[in-house]
There are 2 protein chains.
Amino acid sequence: MPIRSVDLERVRALSLFAGISDDLFRDVLGGAFLQRFPAGTTLLTEGDPVDFLYVLLDGAVELEGTWNDKATTLAVLTPVSTFVLASVVLDSTGLMSAHTLETSNILMVSGEALRRAMRRDAGFCFTVAQELAGCYGGVVRALKNQKLRGGIERLANYLISQQARQGGDATFTLPHEKRVLASLLGMTPENLSRAFASLGDYGVTVNGPQVTIGRPTPLQRLAKPDLLIDSRPPAGEAALSAAEVERWTGAAQVRAAS
Amino acid sequence: MPIRSVDLERVRALSLFAGISDDLFRDVLGGAFLQRFPAGTTLLTEGDPVDFLYVLLDGAVELEGTWNDKATTLAVLTPVSTFVLASVVLDSTGLMSAHTLETSNILMVSGEALRRAMRRDAGFCFTVAQELAGCYGGVVRALKNQKLRGGIERLANYLISQQARQGGDATFTLPHEKRVLASLLGMTPENLSRAFASLGDYGVTVNGPQVTIGRPTPLQRLAKPDLLIDSRPPAGEAALSAAEVERWTGAAQVRAAS
DNA sequence: CGGCGAATTGACGGACGTCAACTGCTGTGG
DNA sequence: CCACAGCAGTTGACGTCCGTCAATTCGCCG
């Protein structure tokens with residue numbers, strides 16, 4: 001499948017590649033190829049070797065971890081995002097499974113070529129390091145989100161993030177199936193339903209995938225969004241539980257008195 | 001405080017610095033200084049700028065995240081470990097607070113010098129990227145541990161890891177206060193007590209900080225340790241919830257049937 | 001000797017998972 | 001065109017896990 005120059009531009013615009021020379025860019029993407037996958041395709045399974053850096057150009061990809069016959073969603077990626085960068089840099093096995101949620105166009109970049117470029121060009125290598133540091137921060141935020149907040153609080157913060165990301169209108173639409181959202185937030189679908197119902201008291205109404213936040217203030221007071229958990233990572237490699245909060249309306253930054 | 005050459009050797013042995021030239025090593029550590037902190041000292045607080053890469057040479061350091069007046073332990077570091085590498089690479093603010101649990105000797109390395117070295121030497125930069133990728137994997141493991149396992153299962157796996165790390169003897173000693181362990185495992189101290197009591201049925205007996213695993217097999221069957229959650233990161237920058245499992249005695253690798 | 005903090009234990013309540021039944025939508029085949 | 005199967009989502013009942021509050025014990029240090 002030939003790579004359209006439009007798509008190449010979009011890859012080039014990623015922070016990972018924005019700063020490098022045309023020569024190096026051609027070099028890294030030389031052996032790359034574009035592939036189209038139907039919804040529900042498994043791209044990677046946990047523990048298998050990773051040979052490519054993946055770049056999602058269209059569609060949606062879910063990253064999930066499993067243990068003891070249970071699965072949990074660690075991230076849902078939207079275009080344009082790269083994934084499994086860490087495994088590529090270490091030339092090791094993947095930590096999560098990846099499968100498409102919708103039919104998706106994905107660019108597959110040779111991991112070997114990427115590592116070669118890193119060894120040759122310190123500037124590019126530095127950019128990769130920054131990207132990885134950003135991803136690290138994203139997962140740390142997700143871990144804090146999971147350990148410190150209850151289910152309803154996680155949902156409330158997710159809604160506030162989504163609202164901001166989609167332009168700030170009072171009503172917006174959930175980007176994924178509710179069962180995926182539930183797994184991402186670390187709860188069961190049944191519990192997500194109940195959590196939505198609870199948020200009715202805070203002015204949230206739900207109609208299928210349409211959510212409207214009637215009274216932002218009480219919801220904010222419940223959610224207590226925090227720069228150190230909910231801030232947006234600089235777009236590029238997808239950070240876990242990526243959230244955007246354009247501005248906080250009086251979110252008190254509280255610090256624990258050890 | 002002068003840096004003893006013994007300590008310098010130990011820093012040099014870290015995977016971060018093992019591969020670089022003597023010149024570059026001197027360059028990075030040129031402005032570094034050693035400092036001694038009493039127990040309970042706050043080294044960094046969440047959200048503040050990070051100017052140094054920290055290297056723990058003696059003692060113990062706790063990394064914690066806070067939200068809404070609650071705190072959770074994200075990692076407990078033991079010598080020799082570096083920390084806040086990601087923040088240094090991004091030249092940004094810290095994601096977690098750090099404070100000493102015991103009196104500690106800590107080497108403080110100029111973040112600016114580190115970044116300069118990365119830009120100059122692609123090989124070193126690559127090593128930093130690998131280190132960051134390893135850290136990333138560590139947090140992903142911690143997140144899976146938190147989302148997929150219950151409290152008792154997390155404790156069981158922690159005990160198995162500690163036993164292996166300390167040489168495999170049936171009885172070993174917990175390295176930290178139980179309240180710190182509880183926070184690391186994502187539960188309250190009261191709940192940790194009860195979890196220990198529950199493990200009595202699986203042959204675990206507790207006596208102060210002394211733990212002995214009487215019958216390993218039933219405990220393993222409960223814990224279901226998993227290479228993709230509990231494997232050991234290559235020592236260096238401290239990975240979150242670092243665990244060591246030398247060998248698994250029949251840990252079935254189960255995969256979720258989506 | 002007195003006091004403080006860590007750890008344990010019990011009682012209680014709330015949060016969350018599980019099981020089951022029901023609704024509504026969609027795509028398929030008769 | 002309609003009947004039906006299948007799946008997502010919701011709701012209710014129930015049990016379990018876990019956090020909170022309180023009381024007690026123990027060891028350590030002043």
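Proteins get letters first, then strands, A, B, ... in listed order; numbering begins at 1 in each. Quick note: numbers below take in every heavy atom, side chains included, and nothing from hydrogens, waters or symmetry partners.
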For A:R179 and D:dG6, what is the distance between atoms CZ and C1' respectively, to the nearest whole Å? 14 Å
State whether a side-chain donor-acceptor pair under 3.5 Å links B:T73 with B:E62. yes
Would you say A:S193 places a side-chain N or O within less than 4.0 Å of OP1 or OP2 belonging to D:dG9? no
When you measure from the side chain of B:E190, which nucleotide among D:dG19, C:dC19, D:dC21 comes out closest? D:dC21
From CD1 of B:I152 over to P of D:dT16, roughly how many Å is that when rounded to an integer? 13 Å
B:F83 vs B:Y54 aromatic rings, parallel, tilted or perpendicular, using cut-offs 30° and 60°? parallel
Rounding to an integer number of Å, can you tell me how far A:D69 CG sits from C:dG17 P? 18 Å
Of the candidates C:dG17, C:dT9, C:dA6, the side chain of A:N191 sits closest to C:dG17
Separation of C:dA7 atom C1' from B:L174 atom CG, nearest Å, is 13 Å
In whole angstrom, what separates A:L101's CG from D:dA8's P? 12 Å
Between A:F196 (CZ) and D:dA8 (C1'), how many Å, whole number? 14 Å
Taking A:K224 for its side chain and A:N157 for its backbone only, find out whether a donor-acceptor pair lies under 3.5 Å. no
Any B:K178 side-chain N or O less than 4.0 Å from OP1/OP2 of C:dT8: yes
Nucleotide nearest B:E177 when distance is taken to its side chain, options D:dG19, C:dA7, C:dG17: C:dA7
Heavy-atom count check: over 12 atoms from other residues, nucleotides or ligands less than 6.0 Å from A:D201 CG? yes
Any chance the side chains of B:S183 and B:E64 put a donor and an acceptor closer than 3.5 Å? no
Pick base, sugar-phosphate or nothing for A:G208, based on heavy-atom distances below 4.0 Å to the nucleic acid. nothing
Distance, rounded to the nearest Å, where B:H176 contributes NE2 and C:dG5 contributes P: 22 Å
Regarding D:dT20, can its base be found pairing with the side chain of B:R194 as donor and acceptor, where the two atoms are less than 3.5 Å apart? yes
Round to a whole Å and report the spacing from CG of A:L181 to C1' of D:dA8. 14 Å
